[in-house]
J.: 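Here it is, the structure, as structure tokens.
Since this is a predicted model, take the numbers as computed values, not measurements.
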Amino acid sequence: GSLEQFQNQIQSFKTDVDRVKKARLTLIINLVKVHWTSLVLDCKNKNCVAYYIDSQAKYLPQDYKQIIEANLKLNTVIDFSNFFQQTDNYNCGLWALENAEDITRYVDENRSPEWLDSRIKISRDTNYFKQKRNVISEKLHLDLERIARLSPKLPALETYEKSQKR
């Protein structure tokens, strides 16, 4: 996504933050169209904490941080990008999903900072992500089958069904 899309997401989220006592936004951000990172904004009583993790140990880009700060009362930015996780050039998207899940569990389950630190440092190799891809693929396949039974059928689903008959 573009910086403009990011800004639109943050502005939309601000509406939620202004309306309710607790709000959370989890974003998997595509930086420069080649790299995926995790950002979780957790807000309580309009005070927000931003959790950011980049599997290649890069910090939250300043332009993204400025958009957040311009729209939300940001108390803290917790940037875990001081630890290099990714050892290949292609699993950043799966790392981003894993990191977003870990941050969400950390917040939801009121875990200690040490717990999150240990989760971030878990070694996840190519085989781990290969298995993850298979699980995700299965879930998406099952969901597409469920959606395909709905009517009226969407053109994209018809294309999917035709590709499965080949």
J.: Of all the heavy-atom pairs spanning N91 and Q86, show the shortest one and how long it is.
T.: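 Residues N91 and Q86, closest heavy atoms: N-NE2, 3.7 Å.
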J.: Using the ring pair (Phe, Tyr, Trp, His ring centres under 6.0 Å) criterion, which residues pair with F129? Sequence neighbours excluded.
T.: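 Per chain and number, F129 pairs via ring pair (Phe, Tyr, Trp, His ring centres under 6.0 Å) with W95.
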J.: Can you pull out every disulfide bond (SG atoms under 2.5 Å apart) where at least one residue sits in residues 59-112? Sequence neighbours excluded, please.
T.: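 Disulfide bond (SG atoms under 2.5 Å apart) check on residues 59-112 returns no pairs.
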J.: So which residues get pulled into V107's cluster when ILVMFWY side chains under 4.5 Å apart are joined, directly or through others?
T.: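 V40, V49, Y51, I53, I78, F80, F83, I103, Y106, W115, L116, I120, which link up through side-chain heavy atoms under 4.5 Å apart, make up the rest of the cluster.
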J.: Whether the side chain of N30 engages the backbone of K33 through a donor-acceptor N/O pair (distance < 3.5 Å, no angle test) should be reported.
T.: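 Yes, because the side chain of N30 sits within donor-acceptor range (under 3.5 Å) of the backbone of K33.
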J.: Applying salt bridge (charged side-chain N to carboxylate O under 4.0 Å, His left out), name anything that partners E109, two or more places apart in sequence or on another chain.
T.: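 Residues passing salt bridge (charged side-chain N to carboxylate O under 4.0 Å, His left out) with E109: R105, R111.
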J.: Can you list every disulfide bond (SG atoms under 2.5 Å apart) pair that touches residues 95-127, not counting sequence neighbours?
T.: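 Residue pairs with at least one partner in residues 95-127: there are none.
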J.: Taking the side chain from S12 and the backbone from N8, do they hold a donor-acceptor pair closer than 3.5 Å?
T.: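 No, the answer is negative, given that no donor and acceptor are paired below the 3.5 Å cut-off.
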J.: Should V20 and V17 be regarded as members of a common hydrophobic cluster, given that ILVMFWY residues are connected when their side-chain heavy atoms come within less than 4.5 Å of each other, either directly or indirectly?
T.: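 Each belongs to a different hydrophobic cluster.
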J.: Hey, could you give me each pair passing disulfide bond (SG atoms under 2.5 Å apart) that has a residue in residues 47-83? Not counting sequence neighbours.
T.: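 Listed once each, the pairs are C43-C48.
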J.: Strictly by disulfide bond (SG atoms under 2.5 Å apart), give each pair with a member in residues 107-138 just once, sequence neighbours left out.
T.: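 The answer is none; no pair qualifies.
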J.: Please report the shortest heavy-atom distance between I67 and N71, naming the atom on each side.
T.: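 Of all heavy-atom pairs spanning I67 and N71, the closest is O-ND2, 2.8 Å.
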J.: Please list all pairs meeting salt bridge (charged side-chain N to carboxylate O under 4.0 Å, His left out) that have one or both residues in residues 36-63, counting only residues at least two apart or in different chains.
T.: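 Of all non-adjacent pairs touching residues 36-63, those that pass salt bridge (charged side-chain N to carboxylate O under 4.0 Å, His left out) are R24-D42, D42-K44.
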J.: Looking at residues at least two apart in the chain, or sitting in another chain, which of them share a salt bridge (charged side-chain N to carboxylate O under 4.0 Å, His left out) with K14?
T.: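 So K14 forms a salt bridge (charged side-chain N to carboxylate O under 4.0 Å, His left out) with D18.
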J.: Suppose clustering is done on Ile, Leu, Val, Met, Phe, Trp and Tyr with side-chain heavy atoms closer than 4.5 Å. Which residues sit in the same group as F84?
T.: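 The other cluster members (ILVMFWY side chains, heavy atoms under 4.5 Å, direct or chained): none.
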J.: Sorted by first residue and then second, give each salt bridge (charged side-chain N to carboxylate O under 4.0 Å, His left out) pair with at least one member in residues 70-98; sequence neighbours left out.
T.: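 Sorted pair list: E98-R124, E98-K132.
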J.: Could I get the full list of salt bridge (charged side-chain N to carboxylate O under 4.0 Å, His left out) partners for K21, not counting sequence neighbours?
T.: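 If we apply the salt bridge (charged side-chain N to carboxylate O under 4.0 Å, His left out) test to K21, skipping adjacent residues, there are no hits.
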J.: With rounding to the nearest 0.5 Å, note down the distance linking CG in L27 to OH in Y64.
T.: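 These two atoms lie 10.0 Å from each other.
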J.: Do L140 and W36 belong to the same hydrophobic cluster, where Ile, Leu, Val, Met, Phe, Trp and Tyr are linked whenever their side-chain heavy atoms lie under 4.5 Å apart, directly or via other members?
T.: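 Cluster IDs for L140 and W36 match.
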J.: If I take atom CD from residue Q56 and atom CG from residue L31, how far apart are they, to the nearest 0.5 angstrom?
T.: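 It is 9.5 Å, given to the nearest 0.5 Å.
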J.: Go through the steps to decide whether T104 and T26 satisfy the test side chain to side chain contact (heavy atoms under 4.5 Å, CB included), and finish with yes or no.
T.: CA-CA 8 Å; T104 300; T26 301; 4.1 Å; yes
J.: Measure the CD1-CD distance between I29 and Q5 for me, rounded to the nearest 0.5 Å.
T.: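 One gets 11.5 Å once the value is rounded to the nearest 0.5 Å.
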J.: Hey, what do you get for CG (N99) to OG1 (T37), rounding to the nearest 0.5 Å?
T.: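 It is 9.5 Å, given to the nearest 0.5 Å.
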J.: Assigning hydrophobic clusters by single linkage (Ile, Leu, Val, Met, Phe, Trp, Tyr; side-chain heavy-atom cutoff under 4.5 Å), is L3 placed with F13?
T.: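 Linked, L3 and F13 end up in one cluster.
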J.: Check for me, please, whether V32 and L60 land in the same ILVMFWY cluster - side-chain distances under 4.5 Å, paths through other members count.
T.: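 Same cluster: V32 reaches L60 through Ile, Leu, Val, Met, Phe, Trp or Tyr contacts under 4.5 Å.
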J.: Which atom pair, heavy atoms only, marks the closest approach of S38 to I28?
T.: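 So the two residues come closest at OG-CD1, 4.2 Å.
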J.: Using 0.5 Å steps for rounding, measure from the CD1 atom of I136 to the CD atom of Q131.
T.: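 I136 atom CD1 to Q131 atom CD measures 12.0 Å (nearest 0.5 Å).
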J.: Could you give the distance from NZ (K130) to CZ (R133), rounded to the nearest 0.5 Å?
T.: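 K130 NZ to R133 CZ: 10.0 Å, rounded to 0.5 Å.
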